[in-house]
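Just follow the structure's listing: the first ligand is 1, and inside any ligand the first atom is 1. Everything numeric here is computed off the predicted structure, so don't read it as measured data.
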Amino acid sequence: MDKTSSFSIQKGKPIRCKAALCRKAGEALVMEEIQVDPPQAYEVRIKIICTSLCHTDVTFWKLDSGPLARFPRILGHESVGLVESIGEHVDGFKQGDVVLPVFHPNCEECKDCKSSKSNWCARYANDSISNTRRYGMASRFKDSTGEDIHHFLFVSSFSEYTVVDIAHLVKISPDIPVQKAALLSCGVSTAGVGAAWKVANVEEGSTVAVFGLGAVGLAVAEGARLRGAAKIIGVDLNPDKFELGKKFGFTDFVNPTLCGEKKVSEVIKEMTGGGVDYSFECVGLPSILSEAFISTRTGSGKTVMLGMGKHAAPISLGSFDLLSGRTICGSLFGGLKSKLDIPVLVDHYLKKELNLDSFITHELKFQEINKAFELLEEGKSLRCIIWMDK
Ligand code: NAD
Ligand code: ZN
């Protein structure tokens with residue numbers, strides 16, 4: 001945290017540093033020296049302190065076709081950093097600030113950013129293709145041969161330095177430990193806790209089913225528990241997740257492989273006398289979404305889709321199941337507006353109301369980043385903190 005003096009020397013100049021490059025779909029990331037250009041107007045160059053791996057990184061790492069499959073690329077979108085330098089027209093950020101880059105934009109100026117109805121930034125959120133928010137395919141990264149490297153989700157945190165647009169940046173209190181704060185930039189408390197609080201608005205005494213007990217699903221349970229849900233059922237193929245799930249408020253578990261002839265939705269209906277009030281899909285498979293949908297109570301059940309499948313595959317729902325009064329919606333970033341809501345979550349953590357600690361199952365050095373992929377894929381980790389300086 002004391003390296004701000006060396007920052008001044010680099011201001012306005014390219015920085016050479018290490019990054020973990022994804023050169024080909026599904027192949028191990030390679031540590032290379034890259035060039036990170038200075039920030040342009042409305043951009044900030046950040047020194048990443050630590051980052052973590054979310055399943056969305058794994059999905060894009062494996063993606064080998066379509067417009068979103070682009071290489072070479074710097075993945076990573078959960079992180080905390082220090083502001084190294086700022087471009088023109090950047091207000092509210094200065095060198096040395098502790099910041100959280102966030103994949104979901106929040107321009108604060110468009111109709112939707114000004115409305116409390118959603119967290120969809122009408123100005124920017126429809127573009128998920130560009131490298132840089134205001135400059136299209138222009139990249140701030142080059143490899144040693146001078147070839148452009150693609151950004152990822154406007155963050156690219158698997159690099160010692162990155163450049164982020166101010167619409168994707170939140171200044172946070174330096175009081176929160178950085179590794180805990182990193183979890184707030186995506187899956188953990190934001191997508192999960194936000195979905196239970198803001199999107200579903202789970203109320204006291206209600207019943208909840210969560211499909212997929214990764215960090216996102218566990219965070220949904222944490223949010224539902226804080227809201228006073230009476231029964232929180234976890235559905236996962238990996239029984240190792242059940243013991244862990246108890247720490248996050250799960251009261252019951254269903255292993256689909258042990259349901260015999262019955263569908264998971266039938267088992268859940270039996271457990272709850274007709275279906276849960278709320279269900280959450282946290283895996284990213286259309287078939288699971290259908291099961292989550294019919295696990296809810298006829299007439300009033302609500303399903304929230306959080307999982308991100310490959311190629312935005314279509315989903316199929318029974319029309320009568322919908323006609324009979326169930327509702328379904330999806331949510332990116334838990335319905336939260338980053339600039340407004342992340343500081344509130346930081347506050348909840350500092351007051352010991354929000355459990356972030358149990359999500360961190362592993363910590364690694366930047367050099368060991370490929371191990372984080374193995375641990376997540378094998379179902380052994382929830383969040384693995386990767387320290388850039390160690
Ligand atoms: P994860 O890999 O840690 O967890 C996924 C869990 O699903 C694992 O426990 C796995 O055992 C379980 N699972 C896999 N197949 C299953 C099946 N058929 N039935 C039941 N359980 C099954 O992943 P994560 O980081 O928690 O992310 C979960 C999903 O949420 C991913 O699709 C990710 O892309 C998405 N995501 C969405 C947002 C958002 O804002 N909507 C944010 C972050 C992540
Ligand atoms: Zn906006």
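- Looking at Val235 and Pro256, their side chains come closer than 4.5 Å, going by heavy atoms from C-beta outward.
- The protein non-hydrogen atom at the shortest distance from atom 15 (N) of ligand 1 is Val283 CG1, 3.6 Å.
- Contacts with ligand 1 closer than 4.0 Å are made by no heavy atom of Val58, backbone or side chain.
- Of all the heavy atoms of Leu213, the ones lying under 4.0 Å from any atom of ligand 1 belong exclusively to the backbone.
- Proximity of Arg326 to Thr298: side-chain heavy atoms (C-beta onward) are separated by under 4.5 Å at one or more points.
- Residue Val155 is not grouped with residue Tyr135 when hydrophobic side chains (ILVMFWY) are merged at heavy-atom distances under 4.5 angstrom, including chains of intermediate members.
- Annotation: Lys241 places an N or O atom under 3.5 Å from an N or O atom of ligand 1; distance criterion only.
- Ion pairing of Lys47 with Glu84 is absent here, as no side-chain N (NZ or NE/NH1/NH2) approaches a carboxylate O to less than 4.0 Å.
- With a 4.0 Å cut-off on non-hydrogen atoms, Ala195 does not touch ligand 1 at all.
- Side-chain N/O atoms of Arg227 and Asn201 include a donor and acceptor closer than 3.5 Å.
- With a heavy-atom cut-off of 4.0 Å, Leu218 does not touch ligand 1 at all.
- Residue-and-atom listing of protein N/O/S atoms under 2.8 Å from the Zn ion (ligand 2), sorted by chain and number: Cys107 SG, Cys110 SG, Cys113 SG, Cys121 SG.
- Nearest non-hydrogen protein atom to atom 34 (O) of ligand 1 is Thr56 OG1, 2.9 Å.
- The shortest heavy-atom distance from Gly379 to ligand 1 is not under 4.0 Å.
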### Task
Could you check Glu291 against Ser265 for side-chain hydrogen bond (donor to acceptor under 3.5 Å, both in side chains), going step by step and ending with a plain yes or no?
CA-CA 6 Å; Glu291 272 301 290; Ser265 53; 3.0 Å; yes
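- Ion pairing of Asp37 with Lys142 is present here, as a side-chain N (NZ or NE/NH1/NH2) and a carboxylate O approach within less than 4.0 Å.
- Contacts of Arg383 with ligand 1, taken as heavy-atom pairs under 4.0 Å, involve the side chain alone.
- Each of Arg23, Lys18, Arg73 was scored for a salt bridge (Lys or Arg N to Asp or Glu O under 4.0 Å) with Asp143, with one residue passing: Arg23.
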